[in-house]
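Here is the structure we will look at, set down as structure tokens.
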Amino acid sequence: MFSNTLVQVGLFLTVLLLVTKPMGLWIANVMNGNCKIINRLGAPFERLIYRTLGTNPDTEMGWKQYAIALLLFNLVGVAFVYVLQRWQVWLPLNPQHFSAVSVDSSFNTAISFVTNTNWQGYSGEVTMSYLTQMLGLTVQNFLSAATGIAVVFALIRGFARHTSKTIGNFWVDMTRSTLYILLPLSFLFAIALMGQGVIQNFDVYKEVSTLQPTTYSTANEAGQLINQTTNTQTLAMGPVASQEAIKMIGTNGGGFFNTNSAHPFENPTPLSNFLQMLAIFLIPAGLCFAFGMMVGDRRQGWAIFSAMAIVFVVMAAVAISAEQAGNSILTASGADQTVSVSQSGMALQSGGNMEGKETRFGIVSSALFATVTTAASCGAVNTMHDSLTPIGGLVPMWLIQLGEVIFGGVGSGLYTMLIYAVLAVFIAGLMIGRTPEYLGKKIEIFDMKMTAIIILVTPLLVLIGTAIAVSVTSGTVGVANPGAHGFSEILYALSSAANNNGSAFAGLSANTPFYNTLLAFAMFFGRFGIILPVLAIAGSMAAKKRIPVSLGTMPTHGALFVTLLIGAVILVGALTFIPALALGPVIEHLLMVGV
Amino acid sequence: MDRIIENNAAIGFKESIKQTIRPAALLFVVLTIITGIVYPLVTTGIGQWLMPKQAGGSLIEKDGKLVGSTLIGQNFTEAKYFWGRPSATAPYPNNAAASTGSNLGPLNPTLAEAVKGRVAALKNADIDNSQPIPVDLVTTSASGLDPHISPAAAYYQINRVAKARGLSPETVQALINNNTEGRQWGVLGEPRVNVLLLNIALDNATKTSAR
């Protein structure tokens, strides 16, 4: 059992390491227009797009112009997704005749998918038409991820250039990242997923006869409980694979179905599960390499990668062991949580805390997935996070609160981590009394102001948002579990929204006007409240002169810097959130071991 | 240097919004058509052409009618069938049109009560059985549609099912083994037994032996 855990986790890390460099090379080359095949095949099509837009791809933008383009483009997306949900009842591809989505839920979902959060207050298979799923949600899965890539490239250019007024062309960055990175990867991945059993059709939900009739009680119109018997089962259908692929590749995480990657039609086998975890980290890891390449020193990229990987491995180990150790309440209730193996050596049961988990994934593939999806700002789930053990639930929550920098979202993970790198050299500069510099750029007052905004914006949204939600009845009424766990549900929701993760302690009834509005606010400012200062830093860095490396320059590619960077991330995350975590999962853990 | 850029931007702020809204909207339309229409349709085409069974939901047909999907669990409560993972869907278990988990927290008293109830139901159905009850048999799955149970959870139920059907435990054990999958590629996930396929095989075996 223990050895299989090591093999599964080891295999995942090995494959990730192997794909990082080729992925990074591909990303950097197509984004910079250095890939010959793409230039030959894609250039005519690209030119057609730019002619339609009436823009010149060779004209670059300053950071403010870039920011305006980015904001307007994303606002168009919000408006479109909102209207599509409100009008879906009159539009085609709605075989289940779903009505218009409510005003507050449509608004929340529009913000949610545009900000790459993909928080879902609704339940997919009973709410959204196929048209809304593909034309609204699938599209935003692509475009929000492309926006992330655009921003990180703007920032990397800021470091790579000197004395430059511009940081790139937003239209070109969006077009290239969508067409050459996200689209081909998603297409290949969708085919692989279908091979494993992920569905892809436009059929009406299928009715099948069950082997055994099921008797259940429901309330009739008068409110009395009556017994009913059914001998059929209705299977939800839809174009799932195409959405599933970009959901993972773009670290979006919004499931086609309510139970997301736990649903057998979204994630049918352990292999599809492995590929989904890999897909989440694929671009964020590749971007680290692309960053190193573009700033002219690959070690810089590997240093960032190492810092991320170290934190990830530690967190995964904690989550897996907590879930494997299980829940003492289950044992007290008569369930056997011990691992057992047959005489021939086949595992008979994974044991551990199986509440809210799927048998095919067991403990290891579930806890690893939970770590991956919250280290990156994906938010897809293959296990119900609300039912994780207290410590098993603390890991995903804290990873989200660290600001989604452990690989993080597509683009957003790296750009936020680079800001932490700036913070780390600043702290180091204070300690040794030198002007801090990163990649040959002097870090000055303006840059540190922007850095401070970036570091503070999500903690403020999370903590103030949680404080509001626990203080008003419309906030506490949504809580599903009693005691400390109820507080955790609210804290998790705000952490997830503000950091654009999108997973949930899903017992919280969040599809209410109160939560739809509060969380939409958190998602919007958690996304663009970071992107704008990041672009400002990009502009400021691009304009600076490059300082030559001297004896006084602190190297930012070695073990010392990696330690400093991890220290900066953990320090900010711990100081900000440990008091809140103590009220939730920590108390709950103490109660559990005390029982 | 900084100042020059700022001045330019300040002069052109309104103007630059006006100039930007058109390409923003147009690029949105172009990329929406590519990623929201062309991409899902081409994927569907390839799925229907190369792997229609998987793309259609891995449906099982028996005597000309659809009896389920190999990927979606069904509800079993009769003694002669293997029981699957408990399901938290409403209004009845294993409702494949509205998936959900229980979302019960680890210390929620409702969880402990539910588990105790399931343990009691299993023991009532098989009074002589004193084996430990595998945790996956008494806890709800994440999707509410889990088609599998662990091999341990299947072995636990052998005597009950064999007795109810008048089959030998060895026959039932052999059917379990036929419907057990190991870890994928020997490494990934966990070994598991497909409950619906096992129960269909059981029905077939009982029919044959009755003849």
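Note on naming: letters A, B, ... go to the chains in the order of the sequence lines (proteins, then strands), and numbering restarts at 1 for each one.
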[X] vs [Y] side-chain heavy atoms within contact, under 4.5 Å:
X      : Y      : value
A:H485 : B:P106 : yes
B:M51  : A:I191 : yes
A:P264 : B:P147 : yes
A:H263 : B:I72  : yes
A:S340 : B:S150 : no

* Show the numbers, then the answer: is there a side-chain contact (heavy atoms from CB on, under 4.5 Å) between B:I46 and A:F187? => CA-CA 10 Å; B:I46 289 184; A:F187 186 61; 3.3 Å; yes
* Start with the C-alpha gap between B:T20 and A:W171, add the side-chain angles, then the distance that decides, and say whether side-chain contact (heavy atoms from CB on, under 4.5 Å) holds. => CA-CA 10 Å; B:T20 312; A:W171 316 124; 3.5 Å; yes
If you measure from [atom1] on [X] to [atom2] on [Y], what distance do you get to the nearest 0.5 Å?
X      : Y      : atom1 : atom2 : result
B:L107 : A:N327 : CG    : CG    : 6.5 Å
A:T52  : B:L26  : OG1   : CG    : 7.5 Å
A:L271 : B:R183 : CG    : CZ    : 15.0 Å

* To do: Heavy atoms only: give me the nearest B:P23-A:T55 pair and the separation to one decimal.
  =>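 Heavy atoms only, the tightest pair is CB-CG2, 3.9 Å.
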* Asked: What heavy-atom pair brings A:T359 and B:D146 nearest, and what distance separates the two atoms?
  ->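 In this case the closest contact between A:T359 and B:D146 is N-OD2, 2.6 Å.
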* To do: Please assess B:N95 against A:Q233 for the test side-chain contact (heavy atoms from CB on, under 4.5 Å), listing each intermediate value before the final yes or no.
  => CA-CA 7 Å; B:N95 177 3; A:Q233 188 184 34; over 6 Å; no
Count the heavy-atom pairs under 4.5 Å between each of [options] and chain B, then report the option with the highest count.
options                        : answer
A:V139, A:L179, A:T383         : A:V139
A:V208, A:N382, A:L348         : A:L348
A:A504, A:P239, A:G197, A:S365 : A:G197
A:S209, A:S488, A:A262         : A:S209

Of the backbone (N, CA, C, O) and the side chain (C-beta and beyond), which part of [X] lies under 4.5 Å from a heavy atom of chain B, both, or neither?
X      : result
A:Y50  : neither
A:S186 : both
A:L11  : side chain
A:F12  : neither

* Worked verdict on A:L235 versus B:L59 for side-chain contact (heavy atoms from CB on, under 4.5 Å) -> CA-CA 10 Å; A:L235 308 179; B:L59 302 173; 3.5 Å; yes
* Asked: Around B:K62, counting heavy atoms of other residues, nucleotides and ligands shown, do more than 12 lie under 6.0 Å from its NZ?
  ->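 Yes, enclosed.
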* To do: Keeping the roles fixed (side chain from B:Y39, backbone from A:L183), state whether a donor-acceptor pair exists under 3.5 Å.
  =>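 Not a single qualifying donor-acceptor pair exists.
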* Does B:Q74 use its side chain to pair, donor to acceptor, with the backbone of A:Q212 at less than 3.5 Å? ->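 Judged by distance alone, no pair lies under 3.5 Å.
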Region of [X] that comes under 4.5 Å of a non-hydrogen atom in chain A:
X      : value
B:V119 : side chain
B:I33  : neither
B:T180 : side chain

* Go through the side-chain N and O atoms of A:S242 and B:T43 and say whether any donor and acceptor fall under 3.5 Å apart. =>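 Short answer, no.
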